[in-house]
Amino acid sequence: MQRLLFALPLLLAVIIGGFAVWGLQGGRDPSDIPSALISNPVPQFDMGALEGAGVPGLKTEDLKGQGLTLVNVFASWCGPCRAEHPILTRMVEEQNLRVVAINYKDKPEDAVEWLDELGNPYERIGYDYTGRGGIEWGVTGVPETFIVNDDGVVVHRFAGPIVGDGKRRFQEAVDAALGGS
């Protein structure tokens, strides 16, 4: 019995170490987090406007019958959101893509200041201070971007910033959605 008690901490350390090594191995893409929304209609939601942003709020009906729409979840306190913002702006300008947003758990004055500084590529912005809308969308963190087709069905979810190799992979998903819409 004493040997078992002596070996138990060692066995526990080996198990924890094994999980740590597995977690640090490459080959997994954090943007490939599965979403229950894929191939399903967007959730029912109605978010008021981000006061001071100069665009209307966002609700379920705004995502149907509008062609392909990107729904970007962002916050002013999010560094990766700042990094991907110029890319989203270029997608709107160069590809004529429709981009709307959910401002997630942010102070309205901070979000408006951020948009004033970086520009506002969003046609609509739903304000989600409590995070309730994010729960409906299954948001695990910011930034996240969903691709919604003309029928209001989520066809792709991209977790993380659309930068570097993520930009290429996201563009491929947009191209596939445009070809399949």
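The structure displayed is predicted, hence computed values, not measured ones. The figures here come from the full heavy-atom set of this structure, side chains too, leaving out hydrogens, waters and symmetry mates.
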If you measure from CD1 on Ile147 to CG on Leu178, what distance do you get to the nearest 0.5 Å?
8.0 Å

Of all heavy-atom pairs between Gly131 and Tyr104, which one has the smallest distance, and what is that distance?
CA-CE1, 3.8 Å

Hey, any chance Leu63 and Val153 share a hydrophobic cluster, counting ILVMFWY side chains that come within less than 4.5 Å of each other, even indirectly?
no

Using a 4.5 Å cut-off on heavy atoms from C-beta on, say whether the side chain of Asp62 contacts that of Val100.
no

Once you round to the nearest 0.5 Å, how far does CG of Leu70 lie from CD of Glu123?
11.0 Å

Taking side chain as C-beta onward, heavy atoms only, is Trp114 less than 4.5 Å from Cys81?
yes

Would you say the side chains of Arg157 and Thr140 form a donor-acceptor pair under 3.5 Å?
yes

What do you reckon, is CD of Glu109 surrounded by more than 12 foreign heavy atoms closer than 6.0 Å?
yes

Looking at every non-hydrogen atom in both residues, tell me the closest pair between Ala75 and Asn103 and how far apart they are.
CA-ND2, 3.9 Å

Taking all non-hydrogen atoms of both residues into account, name the closest pair between Val92 and Pro121 and its distance.
CG2-O, 3.8 Å

Any side-chain heavy-atom pair from Phe146 and Thr69 closer than 4.5 angstrom?
no

Could you work out, with side-chain hydrogen bond (donor to acceptor under 3.5 Å, both in side chains) as the rule, every residue matching Gln66, not counting sequence neighbours?
none

Check: Lys167 and Gln171 side chains under 4.5 Å, non-hydrogen atoms:
no

Heavy-atom check, side chain of Pro80 versus side chain of Val163, under 4.5 Å
no

Measure the spacing between NZ of Lys64 and CG of Asn149 and express it to the nearest 0.5 Å.
11.0 Å

Is a side-chain donor or acceptor of Asp106 paired with a backbone partner of Ser76 at a separation under 3.5 angstrom?
yes

For Asn120 and Ala53, work out which heavy atoms get closest and say how close.
ND2-O, 3.7 Å

Does CD belonging to Glu51 count more than 12 external heavy atoms closer than 6.0 Å?
no

So, the side chain of Trp77 versus the backbone of Asp110: is there a donor-acceptor pair under 3.5 Å, distance only?
no

Are Ile38 and Val73 grouped together when hydrophobic residues (ILVMFWY) are joined by side-chain heavy atoms under 4.5 angstrom apart?
yes

Flag, side chain of Thr60 to backbone of Pro43, donor-acceptor distance under 3.5 Å:
yes

Taking atom CG of Asp46 and atom CD of Glu136, what is their separation to the nearest 0.5 Å?
12.0 Å

Is Lys107 salt-bridged to Glu113, going by a charged N under 4.0 Å from an acidic O?
no

Counting N and O atoms only, with roles assigned by atom type, does the side chain of Asp175 sit under 3.5 Å from a partner on the main chain of Gly179, one being a donor and the other an acceptor?
no

Shortest non-hydrogen contact from Gly57 toward Arg124:
O-NH1, 2.9 Å

Do Ile102 and Val139 come within less than 4.5 Å of each other through their side chains, counting heavy atoms only?
no

So for atom CG, which belongs to Asp165, do other residues, nucleotides or ligands contribute more than 12 heavy atoms lying within a distance under 6.0 Å?
yes

Mind telling me whether Tyr122 and His85 have parallel, tilted or perpendicular rings, with 30° and 60° as the class edges?
perpendicular

Got Val71 and Trp137 here, is their nearest side-chain heavy-atom distance under 4.5 Å?
yes

Would you give the length of the straight line joining atom CG of Asn96 to atom CG of Leu68, rounded to the nearest 0.5 angstrom?
11.5 Å

Note: Pro86 and Ala83 closest approach over all heavy atoms is CD-O, 3.5 Å

Are Val174 and Met91 close enough that some pair of their side-chain heavy atoms sits under 4.5 Å apart?
yes

Pairwise distance CD(Glu117) to CZ(Arg82) - rounded to 0.5 angstrom
4.0 Å

